[in-house]
There are 2 protein chains.
Amino acid sequence: MASRIDETDRKILAELQNDAAQSLDEIARKIGSSKTPVWNRIKRMKEDGVITRQTVLLDAEALGLEACFFVLIRTSEHEAEWQEKFLHALQARPEVLEAHRLAGDIDYILKVRVANARAYDTFYQALISEVRIFNVTALLSMEEIKSTTILPV
Amino acid sequence: MASRIDETDRKILAELQNDAAQSLDEIARKIGSSKTPVWNRIKRMKEDGVITRQTVLLDAEALGLEACFFVLIRTSEHEAEWQEKFLHALQARPEVLEAHRLAGDIDYILKVRVANARAYDTFYQALISEVRIFNVTALLSMEEIKSTTILPV
DNA sequence: CATGGATCAGGAAAATTTCCTAAAATAAAG
DNA sequence: CTTTATTTTAGGAAATTTTCCTGATCCATG
């Protein structure tokens with residue numbers, strides 16, 4: 001079922017990551033193939049979960065989401081129950097774009113997109129009232145130097 | 001030119017973010033409209049730069065990129081020339097998925113996707129040999145709790 | 001060199017996009 | 001409040017694209 005990703009697959013993934021609106025014929029032409037193998041391979045990679053989603057990327061600032069914070073979290077609680085609750089709180093909040101559990105003395109990092117500093121504070125107050133957190137450091141982004149979903153394939 | 005985003009636009013953006021492979025008719029039906037306004041509005045939002053890209057999201061682990069690091073960087077250099085060089089180094093490296101210049105005592109944060117810890121070290125050595133950096137802390141992600149490109153609209 | 005399995009190119013039908021036209025809705029002016 | 005101008009909408013038709021079928025080609029192996 002989970003067939004190996006070969007060089008042709010990688011070329012197709014590179015094209016799709018770059019522009020998913022291209023037609024099969026256009027992709028086929030670029031990689032030197034025809035639409036049938038391209039279509040079959042894309043279908044297989046979707047089934048295999050290599051391609052997880054087809055989406056559009058939006059300009060956050062154009063939508064009024066002008067502030068981006070990285071939040072470093074330390075906690076004293078490490079019980080399964082607390083962790084479960086914390087995890088669900090993060091999943092439920094649309095302003096949390098990323099959340100990772102870390103190795104080391106910082107336990108979690110979040111990436112949070114909000115309209116402004118006030119909106120961040122509202123988010124922060126809501127979060128700490130929901131789950132007990134030992135220590136929080138918020139890093140405010142001044143400039144998005146780079147932001148891509150394109151994985152090197 | 002840069003028309004205001006109204007409620008219908010937001011519904012369309014929500015649908016597209018959720019699944020950009022849907023047909024216009026399907027989106028139109030869901031938001032209670034017809035394909036023409038949906039098509040016109042998508043066209044306008046692309047022209048206005050609200051929709052920046054149509055892409056596919058891939059499973060990093062399925063592609064062998066099993067390690068994710070957040071890198072906190074302090075630097076003593078703050079000259080324009082150094083910053084320019086650093087910026088271009090980051091842009092050129094495909095393993096750097098995000099890079100932000102920060103407010104506060106940490107100057108930059110990076111999100112880096114690589115195959116494993118060894119690959120991260122290779123990246124790190126290459127970076128510090130290119131540009132002078134005062135202090136680096138790497139945070140290793142143990143678990144991706146959440147990762148989305150969907151902005152709350 | 002033959003043979004089985006897989007992959008490929010091309011084509012046809014179905015679906016979708018693209019854009020035109022005219023009607024409807026909304027806003028502006030008298 | 002009515003009339004006019006502007007914008008937005010629904011529906012339809014042509015062009016493009018997707019979807020999948022068929023037969024040919026390629027490749028590994030005996």
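The sequence lines fix the lettering, A, B, ..., with proteins before strands; numbering per chain opens at 1. Please read all numbers here as calculations on a predicted model, not as lab measurements.
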*Asks:* Please determine if a side-chain N or O atom of B:R41 lies less than 4.0 Å away from the OP1 or OP2 oxygen of D:dT8.
*Replies:*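 False: B:R41 side-chain N/O out of range (4.0 Å or more) of D:dT8 OP1/OP2.
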*Asks:* Apply side-chain contact (heavy atoms from CB on, under 4.5 Å) to A:L102 and A:I73, showing your working.
*Replies:* CA-CA 10 Å; A:L102 302 175; A:I73 295 174; over 6 Å; no
*Asks:* Can B:E15 and B:R41 be counted as an ion pair, charged N to O under 4.0 angstrom?
*Replies:*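 No.
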*Asks:* When the distance from NZ of A:K35 to P of D:dC20 is rounded to whole Å, what number comes out?
*Replies:*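 In whole Å, D:dC20 P lies 13 Å from A:K35 NZ.
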*Asks:* In this structure, how many angstroms lie between the P atom of D:dT7 and the CZ atom of B:R4, rounded?
*Replies:*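 These atoms are roughly 19 Å apart.
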*Asks:* Any idea which of D:dT17, D:dA10, D:dC20 is nearest the A:K43 side chain?
*Replies:*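 Of all the options, the side chain of A:K43 is nearest to D:dC20.
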*Asks:* In whole angstrom, give the distance that lies between atom CH2 of B:W39 and atom C1' of D:dA14.
*Replies:*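 Distance check: B:W39 CH2 to D:dA14 C1' gives 13 Å.
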*Asks:* For B:R74, does the CZ atom have more than 12 heavy-atom neighbours from other residues, nucleotides or ligands under 6.0 Å away?
*Replies:*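 Enclosed: over 12 neighbouring heavy atoms sit under 6.0 Å from CZ of B:R74.
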*Asks:* Are there any protein N/O atoms within less than 3.5 Å of an N/O atom in nucleotides 22-24 of chain D, and if so, which ones and at what distance?
*Replies:*
none

*Asks:* Among A:T148, A:V56, A:D59, A:N18, whose side chain to side chain contact (heavy atoms under 4.5 Å, CB included) with B:R53 holds?
*Replies:*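 When side chain to side chain contact (heavy atoms under 4.5 Å, CB included) is applied between B:R53 and each of A:T148, A:V56, A:D59, A:N18, only A:N18 qualifies.
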*Asks:* Take A:N40 and A:E26, find for each the nucleotide of DNA chain D with the closest heavy atom, and name the residue whose nucleotide sits nearer the 5' end.
*Replies:*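 On the 5' side of the pair lies A:E26.
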*Asks:* Between D:dG11 atom P and B:R29 atom CZ, what is the distance in whole Å?
*Replies:*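 Between P of D:dG11 and CZ of B:R29: 15 Å.
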*Asks:* Tell me the side chain to side chain donor-acceptor pair (under 3.5 Å) pairs involving residues 80-93 of chain B, sequence neighbours left out?
*Replies:*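 Matches after skipping sequence neighbours: B:R93-B:E130.
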*Asks:* On DNA chain C, which is the earliest and which the latest nucleotide, 5' to 3', with an atom closer than 4.0 Å to a heavy atom of chain A?
*Replies:*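 Using the under 4.0 Å cut-off, the span is C:dC8 to C:dA12.
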*Asks:* Would you say CZ of A:R10 has more than 12 non-hydrogen atoms from neighbouring residues, nucleotides or ligands within 6.0 angstrom?
*Replies:*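 Yes, CZ of A:R10 has more than 12 neighbouring heavy atoms, counting only those of other groups under 6.0 Å.
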*Asks:* Are B:F69 and B:F123 near enough that their ring centres are under 6.0 Å apart?
*Replies:*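 That pair fails the under 6.0 Å test.
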*Asks:* When you measure from the side chain of A:R113 to the backbone of A:L65, do you find a donor-acceptor pair of N or O atoms at a distance under 3.5 Å?
*Replies:*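 Checking the backbone N and O of A:L65 against the side chain of A:R113, a donor-acceptor pair under 3.5 Å is found.
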*Asks:* When clusters are formed by joining ILVMFWY residues with side-chain heavy atoms under 4.5 Å apart, either directly or through shared neighbours, do A:Y124 and A:V71 land in the same one?
*Replies:*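 Yes.
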*Asks:* Rounded to whole Å, how long is the line connecting atom CD1 of B:I27 with atom P of D:dT9?
*Replies:*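 Between P of D:dT9 and CD1 of B:I27: 15 Å.
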